[in-house]
Structures are given as structure tokens and as C-alpha cells.
Amino acid sequence: MRLSRFPLATTKETPADAEIISHRLMLRAGLIRKLGAGLYTWMPLGLRVLRKVEQIVRDEMNRAGALELLMPSVQPAELWQESGRWDVMGAEMLRIKDRHKNDFCYGPTHEEVITHHVRQDIRSYKQLPINYYQIQTKFRDERRPRFGVMRAREFLMKDAYSFHMDAEGLAAEYQNMRAAYTRIFSRIGADFRAVKADSGNIGGAASEEFHILAGAGEDLLAVSTEGDYAANVEAAETHPSGRPLPAPTAALETVSTPGQKTCEQVSRFLNVPLTGKVKLLVVKAADGGLIGIALRGDHELNEIKAAKHPRIASPFEMAKIEDVQAAFGCEVGYLGPVNCPIPVIADFAAAEIADFVCGANQNDAHLRGANWGRDCALPETADLRMIVEGDPSPDGRGTIKLLRGIEGGHIFQLGQKYTQAMGLSVLDEKGEAITPQMGCYGIGVSRMAAAVIEQSHDANGIIWPDAIAPFRVIVTPIGTDKSPAAKEAAEQLYQQLIDAGVEALLDDRGLRPGPMFADADLIGIPHRIVIGDKGLANQQFEYKHRRADKAEMIPATLDAVLAKLA
RNA sequence: CGGGGCGUAGCUCAGCUUGGUAGAGCGCUUGCUUCGGGAGCAAGAGGUCGCAGGUUCGAAUCCUGUCGCCCCGACCA
């Protein structure tokens with residue numbers, strides 16, 4: 001492609017509402033243009049990147065035996081009513097009506113549609129297993145779209161759905177997809193990590209997320225310093241230490257703590273570490289009443305874990321402040337497990353400390369020297385908190401460190417949730433009807449491009465890995481106004497590269513070197529060949545990799561250039 | 001959904017408090033000079049001031065409504 005015929009649309013100025021580096025660079029490099037909140041046009045240069053990602057995904061899905069199809073983006077409400085999700089999905093789902101006033105949605109995902117098709121077509125165990133996928137535009141009306149295509153409302157996703165006769169078949173395909181995802185992320189050139197994730201579904205089936213590691217990531221990952229353990233903090237479990245509860249050494253006393261409502265305030269006021277405090281959160285219980293959750297002062301509640309606890313309401317909901325005050329007769333800043341009017345469940349860590357500080361269940365007062373067993377009953381214990389850096393790794397090897405990641409893919413075993421709800425059944429060898437097991441596997445294709453930029457850029461712009469670069473190499477002739485030789489050599493090399501099947505860009509705009517180099521760096525072309533009189537005098541081109549500090553001289557031949565690209 | 005902010009040239013923004021014929025930089029066009037890391041000079045093109053209504057002799061500016069966009073928060077105990 002000749003830059004004289006290619007709309008580059010690069011800018012020096014940073015667009016006002018771009019917060020993270022990938023969003024800024026994608027706008028500055030002219031990869032995308034915003035149309036509305038969470039809506040982006042992929043410009044020609046950006047689309048080339050998107051298509052590269054897409055093609056890698058397609059290649060590997062095909063290699064893994066999945067079958068590509070394309071489902072409509074607009075879906076009839078009936079299917080969603082059948083699965084029960086029409087009422088469950090919130091405002092995130094864009095609902096629309098056609099001219100007959102019939103309800104539709106713009107698909108946020110396609111479990112219902114694929115299950116519907118499969119129940120029409122698949123009758124026999126001989127037709128299973130099967131794995132269908134598509135690369136399709138989705139729409140999710142995010143409460144807060146941001147970060148450009150990283151969290152857009154309309155985005156491109158690869159979603160795959162597999163169907164199996166039994167759980168073993170599903171587990172095997174899950175591993176197959178896991179391997180395919182590993183190849184996809186590796187080929188794209190991303191530094192990634194597969195982590196255990198919250199499946200959000202009954203049955204405890206496996207679920208993993210593939211994260212591209214980057215500081216701008218919206219997810220926190222807990223990984224072991226020594227072992228292989230890696231999990232999204234939402235899903236990272238914690239265990240009791242196994243150490244016996246220390247015996248009480250202090251007497252229980254009530255201390256006046258006027259106005260000290262938060263753990264931090266109390267900790268400072270009484271000069272005790274946060275780890276020596278127990279806080280009590282009040283949430284809705286499964287039986288409709290209230291239940292207290294005791295956590296160590298420095299720990300945070302994991303709402304997903306809480307919602308899974310049989311005695312806690314699901315979905316998770318904090319108690320109303322008024323209800324708490326009615327039950328305790330004091331403000332929420334002074335709650336504690338001692339003389340507590342409601343049942344209490346303690347997090348493992350909170351149940352392991354002695355002589356702790358906690359609210360006195362009366363205004364402006366806390367207790368010091370409180371102890372489980374002596375001052376209040378030993379509560380039921382459970383894993384209810386967020387894992388934190390420095391915790392022992394759940395697999396017993398090393399400690400936990402936290403990383404930030406961008407969720408690029410998610411694979412999980414759905415089980416029979418949709419096949420059952422939508423009445424999909426097939427006949428097995430014995431002629432008996434069974435409800436197939438289902439798996440589902442997603443990749444955020446458009447997000448992937450942004451995530452790679454987060455990982456791979458410098459002060460001058462994007463640095464594309466070869467695999468998804470919009471062009472492999474840019475040929476930049478210098479001083480073409482004075483040197484017809486440089487111009488000719490550039491034209492010739494460009495033509496040779498094209499003939500050799502290399503995706504090459506020729507900067508034939510006749511600009512001064514500064515702007516040409518700046519554009520080439522900004523749009524992140526991995527390889528650059530500069531052709532000028534100086535080099536040509538010695539039959540040399542100048543080669544520079546986007547990542548290299550300095551350029552080097554190479555023979556002015558196609559072969560020498562190809563050798564550098566290899 | 002709650003709170004805050006912003007809509008003026010393709011982009012980034014000033015002008016609004018105190019109403020009086022629309023501004024800058026970047027980008028764009030033309031010419032001359034320049035030419036190895038975003039050049040200089042000169043001359044130009046380009047805006048229904050988000051939209052609707054109101055106040056006024058007169059509104060980008062004041063008032064009301066509306067739409068769009070951005071940021072923060074959505075939980076603490």
C-alpha cells in the first residue's frame with residue numbers, strides 16, 4: 001500500500017477523553033474513530049489489525065475442530081423468555097421492537113440461539129460432540145463504557161458453543177479449547193496468563209479466563225510466587241492457616257471511641273493494627289433475615305463467595321442501614337460479634353485472632369481484648385474474603401502476588417443450564433433421550449488489539465507484534481526531491497516486497513523525514529527500511545526494527561531485507 | 001442509577017462572569033524557501049456557537065427545557 005493513497009489520519013494531539021494508553025494511541029494512530037459512547041468505527045488501518053486477530057482466532061478454532069457459522073445479531077425475545085433470561089438480564093441488554101411491536105434484543109451473547117438451532121438439527125448421539133463458533137458483533141449496554149474498544153458497547157467477539165453426550169465429553173472439549181486458546185494468545189504475541197475464574201454457574205464446573213497482563217487491566221489476578229496457582233481474585237480461595245486459636249491474654253473492656261466509625265479510624269484511635277480488629281458486615285440472609293459476616297479489619301468481603309454460602313442470600317445484598325440500626329440499636333460504625341443480636345459467620349482469618357478489637361454494638365464504643373469462645377460463641381467459619389498480596393498460595397506453594405490483567409478470553413463448562421431450559425434432547429445408543437452438556441468459549445476480538453497495545457508501546461507509539469501488525473514493513477525513501485535514485489530504489493524494493501507476498505507500506509508522500517518517521521513509529525510498523533543517497537552510495541539500505549534503539553546498514557537487496565523480516 | 005462537568009472550525013481549546021457583527025494553536029489549501037526525527041515565511045479556505053423555546057432593540061454569552069458526551073461513585077460498617 002502506498003501511503004499517498006492511504007488515509008493515515010494520525011494526529012499529534014491527544015484526544016481529550018482518552019484515559020489509557022491504548023485508547024490514546026489507537027485514536028492518535030487513526031485506528032479507530034468514535035461515533036458515540038462505546039461505539040467505534042474501525043478505520044482501514046485499524047481494521048487490518050482486527051482482521052489479523054480474527055484470522056488467528058479462526059485458524060486455531062478450525063484447527064481445533066470447531067465449525068464456523070454466523071448467527072443474527074438481532075434475536076427474538078421468545079428465545080430469551082424460554083431460557084428465563086429475558087427477565088433476568090438487566091439494562092445491559094438492548095431491547096428493541098420491530099414494526100409489529102414484537103420484542104427483540106441486539107444479542108449480547110448467543111447461547112439461546114445456538115441451543116435453538118442445535119435442538120432443531122441434532123437428534124442422535126452420532127451427531128455429537130459438536131462445537132459451533134462465530135465471530136460476530138455483540139452489543140452490551142455497559143453502565144459505563146470506557147477505555148475505547150477495551151470496554152465498548154458494540155464489540156467484536158468470537159463465541160463458541162459445544163454440545164456433548166456427557167460431562168466427560170464436555171471436559172475433553174474444554175481442554176481442547178484451553179489448548180486452542182493458549183495457541184491463539186501465543187500467536188498474537190501477547191504476554192498472557194490463564195487463571196481460574198468464577199464460573200457463576202451451578203455445578204462447580206471448571207472455568208478459566210485468559211488475561212493479557214497489563215497495568216491498565218480492570219481485573220486483579222492472584223498468582224503464586226512459586227507454584228502454578230493463578231486465579232482471578234474473585235475466584236481465589238483462602239484457607240484456614242491450621243494454627244490453633246491463641247489463648248486469650250487480655251480482659252474484655254469497653255472503650256469509648258466517639259465518632260470513630262471506620263476500621264481505619266478505630267485502628268488509629270486505639271493504636272492497634274488493622275489486623276487486630278474484627279469488623280462485622282450485615283447482609284441479607286438466605287432465610288430473609290439478617291446475618292453478620294465477621295472479617296479481619298484489613299480484609300475485604302468477596303461478594304461472590306458470600307452469595308455462594310448457603311446461609312447468605314443470593315444474589316448478594318447488603319442489609320439496609322435502617323434495618324441494621326433497628327436490629328442493633330446503634331449506628332453501623334460500632335457493630336461487633338460480641339453480644340450480637342443476629343447470627344454471625346466468620347471468615348477463616350477473622351476467626352483466627354485473639355484479643356481483638358471490635359464494635360461494642362452501642363454508639364461511640366468499641367471492645368478491646370475480645371475473644372472467640374470466651375466473649376462470644378465460636379461462629380461458623382467460611383472463606384468469605386478477598387485474597388490479598390502476601391497470603392499463602394492456596395496450592396501451598398509460595399505466596400500470592402497480585403497482577404492486573406485484561407480479560408481477553410473466557411472458557412467455561414455450562415452444563416445443562418440451557419439445554420435443559422430450552423428442551424434440547426438427543427437419543428443415545430440405547431434410544432433413550434438425554435439432555436446434552438454444553439460448553440461455551442469466548443474471545444474479545446476487538447479488545448485484543450487494545451490489550452496488545454497496552455503491553456507493547458513506547459513514547460513514540462504502538463509496537464505491533466508481527467502477527468497482528470497492519471503491515472510488516474514500511475519503506476521510507478529520504479530526500480526524494482533531490483534524489484531520484486532513492487525514489488526509484490524505494491519503488492523497486494516496494495514492488496519486490498509486494499511480489500514476494502510481504503505486506504509492505506511505501507511512504508511515497510514526499511514528506512520530510514521527521515513526519516515520516518513519526519508516523520511509522522506511531523502506527524507501529526515492526527520493520528522499517530530507509531533508503532537515502534548516503535546508503536545507496538554504498539549499495540546499502542538502512543534497517544531498523546521498531547523496538548531497536550538504532551538502525552543498521554544492510555545490503556541494498558531484496559534478500560537482505562527478507563532476511564531481516566524473517 | 002446518584003453526584004459533578006462539558007457541548008464554539010476536522011482536532012485541542014479560549015471567549016460566557018459584565019449581552020453589542022466569531023477567536024487562537026494544530027490540521028487543511030496555494031506559493032516560495034527548507035529537507036535524516038513532527039520546518040519557516042506569506043496568502044487563504046473553513047463555524048446554523050448541540051437542539052428547541054424564552055427574555056431582549058440585540059443572545060455563543062442570561063433563563064427554561066431537551067439531547068449528546070465525559071469524569072467520579074454504586075457501598076461503607
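A, B, ... follow the sequence lines: proteins, then strands. Residue 1 opens every chain. This structure is a prediction, so every number in the text was calculated from the model and none was measured.
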Base, sugar-phosphate or nothing for [X]? Non-hydrogen atoms, less than 4.0 Å.
| X | value |
| --- | --- |
| E542(A) | base |
| G479(A) | nothing |
| L522(A) | base |

Could you check how far [atom1] of [X] sits from [atom2] of [N], rounded to whole Å?
| X | N | atom1 | atom2 | answer |
| --- | --- | --- | --- | --- |
| D481(A) | rU34(B) | CG | C1' | 9 Å |
| R146(A) | rA74(B) | CZ | P | 11 Å |
| L8(A) | rG27(B) | CG | P | 15 Å |
| K320(A) | rC75(B) | NZ | C1' | 14 Å |
| L335(A) | rC76(B) | CG | P | 14 Å |
| Q540(A) | rG36(B) | CD | P | 19 Å |
| Y334(A) | rC76(B) | OH | C1' | 14 Å |
| E13(A) | rC13(B) | CD | C1' | 9 Å |

Which whole number of Å gives the distance between the [atom1] atom of [N] and that of [M]?
| N | M | atom1 | value |
| --- | --- | --- | --- |
| rG25(B) | rG31(B) | C1' | 23 Å |
| rC67(B) | rU29(B) | P | 40 Å |
| rA42(B) | rC26(B) | P | 12 Å |
| rU12(B) | rG19(B) | P | 30 Å |
| rC13(B) | rC75(B) | C1' | 37 Å |
| rC69(B) | rG54(B) | P | 27 Å |
| rU66(B) | rG7(B) | C1' | 13 Å |
| rU17(B) | rG44(B) | C1' | 36 Å |

Paired nucleotide for [N] [Watson-Crick or G-U wobble; both distances under 3.5 Å]:
| N | result |
| --- | --- |
| rG73(B) | rC1(B) |
| rU17(B) | none |
| rU48(B) | none |
| rU12(B) | rA24(B) |
| rG68(B) | rC6(B) |
| rG38(B) | none |
| rA60(B) | none |

Inspect the contact between [Y] and [X] and indicate whether a charged nitrogen and a carboxylate oxygen are less than 4.0 angstrom apart.
| X | Y | result |
| --- | --- | --- |
| E253(A) | R368(A) | yes |
| D519(A) | R509(A) | yes |
| K261(A) | E331(A) | yes |
| R24(A) | E13(A) | no |
| K97(A) | D103(A) | yes |
| E142(A) | R151(A) | yes |
| K305(A) | E234(A) | no |
| K284(A) | E317(A) | yes |

Under-3.5 Å donor-acceptor pair between R528(A) side chain and rG37(B) base
yes
Go through [options] for me and flag the one nearest to the [X] side chain.
| X | options | result |
| --- | --- | --- |
| F517(A) | rG38(B), rG36(B), rC69(B) | rG36(B) |
| E19(A) | rC75(B), rG37(B), rC71(B) | rC71(B) |
| A37(A) | rC69(B), rC76(B), rG36(B) | rC69(B) |
| M318(A) | rG36(B), rC76(B), rG38(B) | rC76(B) |
| K34(A) | rG38(B), rC70(B), rA74(B) | rC70(B) |
| A518(A) | rG38(B), rA74(B), rU12(B) | rG38(B) |

K12(A) side chain N/O closer than 4.0 Å to the phosphate oxygens (OP1, OP2) of rG27(B)?
yes
K482(A) side-chain N/O to rU34(B) phosphate OP1/OP2 under 4.0 Å
no
5' precedence on RNA chain B between P145(A) and V324(A) (nearest-nucleotide basis):
P145(A)
First of R33(A) and G514(A) reached from the 5' end of RNA chain B, by closest nucleotide:
R33(A)
